[in-house]
Amino acid sequence: MGIAGSSGSGKTFFLKSFLDHFDQEQVTLISQDDYYYPANTKTQEENRLYNFDVPSSINREDFFNDIKSLFEGKTIYKKEYTFNNPNLTPKILEIKPAPILIVEGLFIFHYEEVNQLLNYRIFLDADEDIALKRRLKRDLIERGYDHDDVMYKWVNHVVPSYNTYLLPYKDTCDRVIVNNTDDPKLINGATDLISRELKEKLQFD
Ligand SMILES: Nc1ncnc2c1ncn2[C@@H]1O[C@H](COP(=O)(O)OP(=O)(O)OP(=O)(O)O)[C@@H](O)[C@H]1O
Ligand SMILES: O=C(CO)[C@H](O)[C@H](O)COP(=O)(O)O
């Protein structure tokens with residue numbers, strides 16, 4: 001199952017709600033963000049305006065190979081990406097295979113080798129002004145970035161990337177979830193429905 005959406009569309013929020021419907025051994029998650037080429041190879045100034053929103057910022061080969069391994073029933077070990085936060089020590093994630101595999105990220109439809117492995121596609125959608133408000137909160141408060149830098153990236157990297165690498169695939173998705181209100185009921189309702197359908201299909205319970 002593939003889950004994608006613009007920055008601030010609510011992917012993480014959706015995933016948390018979705019995972020709550022399942023036992024640990026029923027579902028597993030692999031996130032494209034963990035495949036960023038490490039930022040510590042660049043200076044702080046280079047990172048400030050570095051474009052994290054182009055397909056080449058991701059180690060695409062490792063991402064695909066790990067997805068394939070999970071498909072083949074193998075456990076993978078992956079160093080998590082800590083979003084340039086020097087106070088965090090990256091954990092080694094142990095990702096075990098499970099009947100439901102969720103692949104999450106910005107380029108999962110654009111990377112055709114990943115896209116063709118997906119059986120079900122979900123698109124999280126939010127209006128640009130709402131997504132930007134959420135992004136500003138994330139970057140200014142949680143990541144401590146400078147307002148002008150966040151706006152520079154939004155205009156020059158985030159929006160163009162969304163329009164080029166994600167939006168064209170919206171119509172190919174099985175479900176588009178519009179998430180414009182900060183109200184958990186909407187997302188919880190959607191994950192309730194999707195998880196019930198999936199459980200029936202896979203004959204869980
Ligand atoms: N339906 C909702 N109800 C309550 N809060 C929400 C809802 N949708 C999103 N949010 C909040 O908005 C913020 C952004 O959402 P989230 O982190 O899930 O987006 P994202 O698509 O994963 O973003 P990014 O890719 O930029 O990290 C979070 O603080 C999240 O808790
Ligand atoms: O949302 C993103 C891309 O749009 C990434 O989370 C983000 O830009 C990674 O950057 P950093 O490690 O500098 O926080």
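Numbering of ligands and ligand atoms starts at 1, following listing order. Worth knowing before you read on, the calculation uses all heavy atoms, side chains too, and leaves out hydrogens, waters and symmetry mates.
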Does an N or O anywhere in Ser9 fall below 3.5 Å from an N or O of ligand 1?
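Right, the criterion is met.
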Under 4.0 Å from a heavy atom of [X]: which atoms of ligand 2 are those, numbered in the order shown and with their elements?
| X | answer |
| --- | --- |
| Tyr36 | 2 (C), 3 (C), 5 (C) |
| Tyr81 | 11 (P), 12 (O) |
| Arg135 | 1 (O), 2 (C), 3 (C), 4 (O), 8 (O) |
| Asp53 | 3 (C), 4 (O) |

Is the closest heavy-atom distance from Lys153 to ligand 2 below 4.0 Å?
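Contact absent.
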Would you check whether Arg138 reaches within less than 4.0 Å of ligand 2, judged by its heavy atoms?
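For ligand 2, residue contact (heavy atoms, under 4.0 Å) with Arg138 is present.
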Check the angle between the aromatic planes of [X] and [Y] and answer parallel, tilted or perpendicular using the 30° and 60° thresholds.
| X | Y | answer |
| --- | --- | --- |
| Tyr111 | Phe107 | tilted |
| Phe22 | Phe204 | perpendicular |
| Phe18 | His21 | tilted |

Identity and separation of the nearest protein heavy atom to [atom]:
| atom | value |
| --- | --- |
| atom 26 (O) of ligand 1 | Ser7 OG, 2.6 Å |
| atom 29 (O) of ligand 1 | Lys137 NZ, 3.9 Å |
| atom 27 (O) of ligand 1 | Arg138 NH1, 3.1 Å |
| atom 22 (O) of ligand 1 | Thr12 OG1, 2.6 Å |
| atom 25 (O) of ligand 1 | Lys11 NZ, 2.9 Å |
| atom 23 (O) of ligand 1 | Gly8 N, 3.0 Å |
| atom 10 (N) of ligand 1 | Asp182 OD1, 3.7 Å |
| atom 3 (N) of ligand 1 | Asp183 N, 3.1 Å |

In Å, rounded to the nearest 0.5 Å, how long is the span from [atom1] of [X] to [atom2] of [Y]?
| X | Y | atom1 | atom2 | result |
| --- | --- | --- | --- | --- |
| Lys199 | Ile100 | NZ | CD1 | 8.5 Å |
| His147 | Asp139 | NE2 | CG | 10.5 Å |
| Ile67 | Glu113 | CD1 | CD | 8.0 Å |
| Asn180 | Leu186 | CG | CG | 9.0 Å |
| Lys133 | Lys137 | NZ | NZ | 11.0 Å |
| Leu124 | Leu15 | CG | CG | 8.0 Å |

Mind checking whether Asn179 contacts ligand 1 via backbone (N, CA, C, O), side chain (CB onward), both or neither, at a 4.0 Å heavy-atom cut-off?
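Near ligand 1, Asn179 shows its side chain, while the N, CA, C and O stay back.
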Answer with side chain, backbone, both or neither: which part of Ile187 has a heavy atom less than 4.0 angstrom from an atom of ligand 1?
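The side chain, only.
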Between Tyr50 and ligand 2, which part of the residue brings a heavy atom under 4.0 Å of the ligand: side chain, backbone, both or neither?
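It is neither; nothing of Tyr50 touches ligand 2.
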Classify the contact between His157 and ligand 2 as side chain, backbone, both or neither, using a heavy-atom distance cut-off of under 4.0 Å.
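Under 4.0 Å from ligand 2, His157 contributes no heavy atoms.
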Should one rank [options] by closest heavy-atom distance to [atom], which comes out on top?
| atom | options | answer |
| --- | --- | --- |
| atom 19 (O) of ligand 1 | Gly10, Ala126, Ser6 | Gly10 |
| atom 4 (C) of ligand 1 | Phe83, Phe13, Phe14 | Phe13 |
| atom 14 (C) of ligand 1 | Lys133, Gln32, Lys16, Arg134 | Arg134 |

Is there a donor in the side chain of Arg121 and an acceptor in the side chain of Tyr169, or the other way round, less than 3.5 Å apart?
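Tyr169 and Arg121 do not have a side-chain donor-acceptor pair below 3.5 Å.
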Pair Tyr165-Asp53, side-chain donor/acceptor within less than 3.5 Å:
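The answer is no; no qualifying pair exists.
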Please determine if [X] and [Y] form a salt bridge, counting it only when a charged side-chain N lies under 4.0 Å from a carboxylate O.
| X | Y | result |
| --- | --- | --- |
| Glu142 | Arg135 | no |
| Asp62 | Lys78 | no |
| Glu128 | Arg134 | no |

For ligand 1, which atoms have a heavy atom of Pro184 less than 4.0 angstrom away?
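In order of numbering, the contacting atoms are 3 (N).
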Distance filter under 4.0 Å to Thr181 heavy atoms, resulting ligand 1 atoms
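Answer for ligand 1: 1 (N), 2 (C).
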Could you please spell out the steps behind the ring pair (Phe, Tyr, Trp, His ring centres under 6.0 Å) verdict for His157 and Tyr50?
CA-CA 9 Å; His157 300 168; Tyr50 178 79; 8.3 Å; no
Would Gly5 count as a contact residue for ligand 1, given that I'm defining contact as a non-hydrogen atom of the residue lying under 4.0 Å from a ligand atom?
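Not so, Gly5 does not reach ligand 1.
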If we only count N/O pairs under 3.5 Å, is Ser7 in contact with ligand 2?
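Between Ser7 and ligand 2 (N or O atoms, distance only) the closest approach is not under 3.5 Å.
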